[in-house]
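Read through the structure below, which is laid out as structure tokens, and then see the notes.
Here is the naming used below: chain letters follow the sequence lines, and residue numbers restart at 1 for every chain.
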Protein chains: 2
Amino acid sequence: MGTIRNISDLAVMAGVSPGTVSRALADSPLISAKTRERIQAIAREHDFRPNAVARNLRTQRTGAIGVVIPLGHETGQHISDPFFMTMLGLLADSLTERGYDLLLSRIIPSDPQWLSRMASSGRVDGLIIIGQSDQAATLDAVAARYRPLVVWGGHVEGQVHCSVGSDNRLGGEIATAHLIARGARRIAFFGDPRAREIAQRLEGCRAAMAAAGLSHALQLFPTHLVADTSHADIVRFLGEQGKDGIDGIVAASDVIASSALRAMVSLSLHAPDDIRVIGYDDLPIARQTLPRLSTIRQELTAGADALVDLLFRRIGGEDCASFVMPPKLIVRHST
Amino acid sequence: MGTIRNISDLAVMAGVSPGTVSRALADSPLISAKTRERIQAIAREHDFRPNAVARNLRTQRTGAIGVVIPLGHETGQHISDPFFMTMLGLLADSLTERGYDLLLSRIIPSDPQWLSRMASSGRVDGLIIIGQSDQAATLDAVAARYRPLVVWGGHVEGQVHCSVGSDNRLGGEIATAHLIARGARRIAFFGDPRAREIAQRLEGCRAAMAAAGLSHALQLFPTHLVADTSHADIVRFLGEQGKDGIDGIVAASDVIASSALRAMVSLSLHAPDDIRVIGYDDLPIARQTLPRLSTIRQELTAGADALVDLLFRRIGGEDCASFVMPPKLIVRHST
DNA sequence: CAGGCCGTTGCAATCGTTTGTCAATGTCTT
DNA sequence: AAGACATTGACAAACGATTGCAACGGCCTG
């Protein structure tokens, strides 16, 4: 009748001590089957469940993993970005499978303490960061002291934090080489290299251009990731091109490439005839653009699994290295 | 040097009592500016932050909102579904703005206790459920006792739980009427009516057919939401149509509509000439199909804001009604 | 100069669990 | 029949903060 508020109420009701109730509810072998069943019956009947916060405090673990999206270089960008969403969904599936919940934080790291605040709050058992943004140094600093931390993004020599991601440099190189093979000569790279992954893709792009003797013909257009504003920017950029304008676009992401394709439509430019366009990620949207987008595939499902796997290894005390996945060229109709 | 583990360590270090430290860190006016500054300086220097779990236990609030996606009728469906993802991103943005975190759970409610487990775990200050699935009864039962709970989905007379969503019946009616106006006579409804929203859309669809004297010409095809399997199913369904087959599809969601369009391509059927197709939701993907998808727009941004707003009103003790938004016909090129 | 008041700080209870220790009970062996 | 031994469950100490209340000192005022 009276609602059961805590384990002591239930103990009174069952005529035992709180400790016994706790053990009974946890199926401890120290409690006889008879009392255990009796206590569990009462709990079931009153729909009682022990308070998780108190348990967390006592046991020092929470059953939750924090997923953080730092938006250092893109204050306007929303979590709703398709890449984040896709990654987030995959992580949620993978963590749920292991019985963990997922605590989501979107953070604009103006405060340099953003990461250690999450790490030392005791609210999560581990942290997954999606994208290094321009915070690689902060990540390294925290990773040095806080073990259960893995990052989606690029890997560089000597990096402290454990990362999972594709070989961005190679991916950028493959993308650019493909564009050149398709006849592009004057190429623009669309993307903001303040994010490490993107800087690496640009690096690969430069390498491919150099290898073809086209170094002079590469333009960099650091467009924003926010779809709404980028569209107008891209239209302006393309409009400013003279008659010897660019004939190829290496986009740092499918989202950017898709914006570029739409901008081209409004300028009556046609892909691939006028400008060849290639994206990066191979998100579902790459199959829905018009024309369908050639891109560099990152295996996000494998990536999410790797992130979760490495994280739990680190929680378990293991010390494991970064994981770099091979990028793969997907040719569709935009190149 | 010695790491500070808790407020007492810091108290010893500062030569004060733990209580004073707690107040100082919380900027309590009871503490003199001098001691407060001294204590905060030590905390900053050692990068110390009070344990959130302990605070939650004491204050009985967590600063987190649970977002749950019940997949009652679709065990295969993943969180990665574009609708969920979009909604989730919007909620995350809106909650972050209010300083709350978001605890994500994907749940397959085989266990009827799924909801009250979340509600009574004490881990969240409130609950947002995305979609009633086939769990409307469970939702009503829990909502009767647990106040801070709001649901995205359909509203029916006498419903206990507080919901936010578009007028699904009207939306279905508008969509169907539009198809009829465009010349469709033999219409199929694609969607699984076990979910309440979808049942309401179907009801509207039936009403519009009846109003046009076409009741006999409505087919129901309860396709799954999972994109991968639905495609083959839809191809089969369309293939089984004779020469007097359907000439209109009312899809219960944009995702389904987009699958239908792809299935039509592989059967050399053309929209809108052979079959007119209309979706529901107006997700970003509706603008990226070929041809672009006519659909019924739900203002998801407004919806997410309303969900969060109502939730906090309920947390504050207010008792507020469901919120039904008007659906809006968006005509593109598929009808 | 004494009494009262105010601004600061310390004390200790509390939130709801988990879990190590230990007493009490009952069973089995010799 | 008595001691060894296993069960069983009670007791109480954590976990790490918050917060009402009491106490303390200094200052002002009459």
Side-chain angles (χ1 to χ4, degrees), chain A residues 2-43 46-64 117-125, chain B residues 2-40 42-43 46-64 116-125:
Chain A
T3 330
I4 301 184
R5 309 220 133 279
N6 54 36
I7 234 177
S8 308
D9 288 0
L10 177 46
V12 171
M13 196 165 285
V16 297
S17 77
T20 303
V21 173
S22 173
R23 283 188 243 260
L25 259 29
D27 284 328
S28 157
L30 288 177
I31 302 296
S32 74
K34 197 171 43 132
T35 23
R36 186 195 326 144
E37 186 40 52
R38 182 163 52 92
I39 290 172
Q40 291 189 353
I42 301 181
H46 292 258
D47 193 31
F48 169 78
R49 240 166 302 284
N51 181 297
V53 176
R55 191 217 318 279
N56 293 345
L57 177 59
R58 172 64 223 237
T59 59
Q60 304 288 64
R61 52 180 302 282
T62 67
R117 174 183 311 141
M118 277 260 68
S120 64
S121 71
R123 280 216 289 214
V124 295
D125 294 340
Chain B
T3 329
I4 301 184
R5 308 220 132 281
N6 53 37
I7 236 177
S8 308
D9 289 1
L10 177 46
V12 171
M13 197 165 284
V16 295
S17 78
T20 302
V21 172
S22 171
R23 284 187 243 260
L25 258 32
D27 282 329
S28 158
L30 287 177
I31 301 297
S32 74
K34 196 172 44 137
T35 22
R36 186 195 325 143
E37 187 39 54
R38 181 164 51 93
I39 290 173
Q40 291 189 352
I42 301 181
H46 287 71
D47 195 30
F48 169 79
R49 239 167 304 282
N51 181 298
V53 175
R55 174 194 299 133
N56 293 346
L57 177 60
R58 174 63 223 240
T59 59
Q60 304 288 64
R61 48 183 305 283
T62 67
S116 56
R117 173 182 313 139
M118 277 258 68
S120 63
S121 71
R123 279 217 290 214
V124 294
D125 294 340

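- The backbone N or O of B/R49 lies less than 3.5 Å from no partner atom in the side chain of A/R117, so there is not a single donor-acceptor pair.
- Atom-to-atom distance recorded for B/T20:OG1 and B/I31:CD1 is 5.0 Å, nearest 0.5 angstrom.
- No donor-acceptor pair closer than 3.5 Å links the side chain of B/D9 to the backbone N or O of B/V12.
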query = For every nucleotide of nucleotides 9-17 of chain D, 5' to 3': is a protein heavy atom under 4.0 Å from its base (B), only from its sugar-phosphate (S), or from neither (-)?
reply = SBB-BBBBB

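- Axis angle, first five pairs versus last five pairs of the helix from C/dC1-D/dG30 to C/dT30-D/dA1: 50°, rounded to 10°.
- At a threshold of 4.5 Å between non-hydrogen side-chain atoms, the residues A/D47 and B/S120 do not count as touching.
- Atom CZ in B/F48 sits 6.5 Å away from atom CG in B/N6 (nearest 0.5 Å).
- By the 4.5 Å heavy-atom criterion applied to side chains, A/T62 and A/R123 are not counted as neighbours.
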task = Show your working on side-chain contact (heavy atoms from CB on, under 4.5 Å) between A/N56 and A/R61 and close with a plain yes or no.
result = CA-CA 5 Å; A/N56 293 345; A/R61 52 180 302 282; over 6 Å; no

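- A distance of 15.0 Å separates CZ in A/R58 from CG in A/N51, rounded to the nearest 0.5 Å.
- Between B/R23 atom CZ and B/T35 atom OG1 the span is 11.5 Å, to the nearest 0.5 Å.
- Checked by atom type and distance alone, the side chain of B/H46 pairs as donor or acceptor with a backbone atom of B/I42 at under 3.5 Å.
- In the 5' to 3' direction, nucleotides of DNA chain C lying under 4.0 Å from heavy atoms of chain B begin and end at C/dT8 to C/dG16.
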